[in-house]
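For reference, the structure is listed below as structure tokens.
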Amino acid sequence: MGDLDPVRLIAVKRDGGQLTPAEIRQLIDAYTDGQVPDYQMSAFLMAVFLRGMDGAETFALAEAMLKSGTIVDLSDVPGVKVDKHSTGGVGDKLSLILAPLVASAGVPVPMISGRGLGHTGGTLDKLESIPGFRTSLTLGEYHEQLRELGVVMIGQTSEIAPADKKLYALRDVTSTVESVPLIAASIMSKKLAEGIDALVLDVKVGKGAFMPDARKARRLAETLVDIGEHFGTRSVALLTEMSDPLGYAVGNWCEMEEAIRCLQGETVPEVTELTLSLGSEMLVLGGVASDLATAREKLQSLLENGTAFDVFSRMVAAQGGDTKVVQNPELMGESAITTEVVASSSQDGFIASIDALAIGQAATRLGAGRMRVDDDVDPLAGITLCRKRGDRVQPGDCLARLHTRSSDLAEPFLISVRDAFATGDTAPAPRQVVIDRLVEGRWNSSVN
């Protein structure tokens, strides 16, 4: 460790002081190499959680984590490489649609994604619900597929930001996850290592979001964009609503099936709207559209004419997935047991809201998610909503369907899922999925 003194650095941060970039880099390097033990890093993380970091410290932390591993060079791949990252939500299957859709418009999309933890799902789990789909490609395979197809979707490799991998696991067990500097450095160290030129961020806010507080969600978006711009990666963030589940499907194969329908041109309320909003930002950053309106028209056309679905099918084949279930999704659901959740005698009126957190937690406990990083997931487990916000409902109507391996597994969740649906006498205002837009350091609350 040389002249590194972890105890002194912990004390400085504990007392509200600032660390130099060199001190942060030395600490992260030593921890990654195993020279600093978990118990000391845990104390440092808690000090950061309680005292925070200023902009210079946050930049230094992100850089140290980024440079702890390989930074992929994609300069030989033609075009502006653009990725999208979401902070996670219930029913958020947008990456499954966006990556092939944006690639079909001529923008290369290299995407390194994560697994679900807690009530929010993970893109890798959804992709792996397709039998045979490989998310553990080597960086060489990742590079080659991007060059050939214009899109690749994999998980974090051992070479990408290894410091983040160690710190992420430690944050999870030390209750230091909800820290803006730690979250931002974790996200951006992985994204910047992908070899991208630009990034669109979907920062969700609301009861079902990872960051339910609007003020903190805005601060997270600002920090993420600041880090991107600091390292020369053009970045735009959308603040999006996550109080109700996104779309109808919650669960790995459930969401994959809904994503396939969107890729085949079907309009799914909120899912299609947010996909087009995020995708339009990616096309403008990628230089293939001059403005957001033109980009949206192009993306809509690619969904309707089947081009986006064709790119998705070729990606699935390239990564070892069974294209038969992509072409015929009904082949997958045959082994799942479906149990209906019906409206109670008091649920008579309009659906005013659907508690995304309650739905996400129920889906997780049905087997669709994991409470610990080493938990297994059931690809067929999940929840399909039969009613959405604003729909009319009467007692006895189907509110949702629970998908499980056994009807006994569904029984404990019938009441909690039913009670997630709140009703009222009048129809609620339409849901506004895009709340605000952050570009060039300014929020634009006039977005539609």
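Predicted model only: the values in this text are computed from it and were never measured.
Panel note: side chain D436, backbone L438; no donor-acceptor pair is recorded below 3.5 Å. Under a 3.5 Å cut-off, the side chain of S235 and the backbone N or O of T233 do form a donor-acceptor pair. Proximity of a side-chain donor or acceptor of K81 to a complementary backbone N or O of G79 within less than 3.5 Å is detected. Of the possible polar contacts, one joining the Q156 side chain to the I160 backbone as a donor-acceptor pair under 3.5 Å is found. Between the side chain of E281 and the backbone N or O of L278, no donor-acceptor pair lies under 3.5 Å. Of the possible donor and acceptor atoms, one in the side chain of D378 sits under 3.5 Å from a partner among the backbone N and O of L380. Formation of a donor-acceptor pair under 3.5 Å by the K13 side chain with backbone atoms of G52 is found in this model. Listed for the T138 side chain is a donor-acceptor partner under 3.5 Å among the backbone atoms of E141. When atom types are taken as modelled, the side chain of E57 and the backbone of D54 share a donor-acceptor pair closer than 3.5 angstrom. For the pair D202 (side chain) and H85 (backbone), a donor-acceptor distance under 3.5 Å is absent.
A side-chain donor-acceptor contact under 3.5 Å links T294 and D291. There is no side-chain donor-acceptor pair under 3.5 Å between D29 and Q35. Under 3.5 Å, the side chains of R25 and T20 contain no donor-acceptor pair of N or O atoms. Inspection of the E273 and T275 side chains reveals no N or O donor paired with an N or O acceptor under 3.5 Å. For the 3.5 Å distance criterion, the side chains of T240 and K204 qualify, holding a donor opposite an acceptor. Side-chain atoms of D76 and H143 form a donor-acceptor pair, as typed in the model, at a separation below 3.5 Å. Between the side chains of T176 and T174, at least one donor-acceptor pair of N or O atoms lies under 3.5 Å.
The distance from the OH atom of Y142 to the CE atom of M111 is 9.5 Å, given to the nearest 0.5 Å. Note: M41 CE to R171 CZ = 12.0 Å, rounded to the nearest 0.5 Å. Summarising the geometry, atom OG1 belonging to T223 is positioned 11.5 Å from atom CG belonging to L182; distances are rounded to the nearest 0.5 Å. Atom-to-atom distance recorded for I337:CD1 and H403:NE2 is 12.0 Å, nearest 0.5 angstrom. A distance of 8.0 Å separates CG of L96 from CD1 of I130, quoted to the nearest 0.5 Å. If you take OG on S189 and CD1 on I227, they are separated by 8.5 Å, rounding to the nearest 0.5 Å.
Across all non-hydrogen atoms, the minimal contact from C254 to T384 is SG-OG1, 4.2 Å. Taking both residues in full, the closest heavy atoms of V90 and A356 are given as CG2-O, 3.3 Å, listed atom of the first, atom of the second, then distance.
Residues N444 and V439 form no side-chain contact, since every pair of their non-hydrogen atoms from C-beta on lies 4.5 Å or further apart. With contacts defined as side-chain heavy-atom distances shorter than 4.5 Å, the pair I154/S136 does not qualify. The shortest distance between side-chain heavy atoms of F312 and I260 falls below 4.5 Å. Side-chain contact between L167 and L45 is present, with heavy atoms from C-beta onward closer than 4.5 Å. In this structure, K84 and L199 have side chains that are not in contact, with every pair of non-hydrogen atoms separated by 4.5 Å or more. Using a 4.5 Å cut-off on side-chain heavy atoms (C-beta onward), M211 and T87 make no contact. When side chains are defined from C-beta on, I196 does not count as touching V82, because their heavy atoms never get closer than 4.5 Å. No side-chain heavy atom of F133 sits under 4.5 Å from any side-chain heavy atom of D322.
Taking the six-membered ring where the residue is Trp, F59 and H230 present parallel rings, their angle staying beneath 30° rather than reaching 60°.
Other residues, nucleotides and ligands contribute only 12 or fewer heavy atoms inside 6.0 Å of the NZ atom of K67. Shown here is I415, whose CD1 atom has no more than 12 heavy atoms of other residues, nucleotides or ligands within 6.0 Å.
With salt bridges taken as basic N to acidic carboxylate O contacts below 4.0 Å, none links D197 and R234.
By the 6.0 Å and 45° rule, R218 stacks over the aromatic ring of W443. For K388 and Y248, the positive end sits near the middle of the six-membered ring, less than 6.0 Å away and at most 45° from its axis. Cation-pi geometry between K166 and Y31 is satisfied (NZ or CZ under 6.0 Å from the ring centre, within 45° of the ring normal).
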*In sequence, state the C-alpha distance, the side-chain angles, and the governing distance for E128 and N252, and then conclude on side chain to side chain donor-acceptor pair (under 3.5 Å).*
CA-CA 8 Å; E128 289 176 354; N252 298 306; over 6 Å; no

*asked:* The test is salt bridge (Lys or Arg N to Asp or Glu O under 4.0 Å); show your working for R431 and D244 and say whether it passes.
replied: CA-CA 9 Å; R431 183 182 182 187; D244 289 18; 5.0 Å; no

*After noting the C-alpha distance and the side-chain angles of E270 and T272, does the key distance pass the side chain to side chain donor-acceptor pair (under 3.5 Å) rule?*
CA-CA 6 Å; E270 305 148 5; T272 301; over 6 Å; no

_salt bridge (Lys or Arg N to Asp or Glu O under 4.0 Å) between E144 and R147, intermediate numbers included_ = CA-CA 5 Å; E144 186 60 28; R147 187 161 42 216; 2.5 Å; yes

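Across Q145, R134, R314, a single residue satisfies side-chain hydrogen bond (donor to acceptor under 3.5 Å, both in side chains) together with Q319, and that is Q145.
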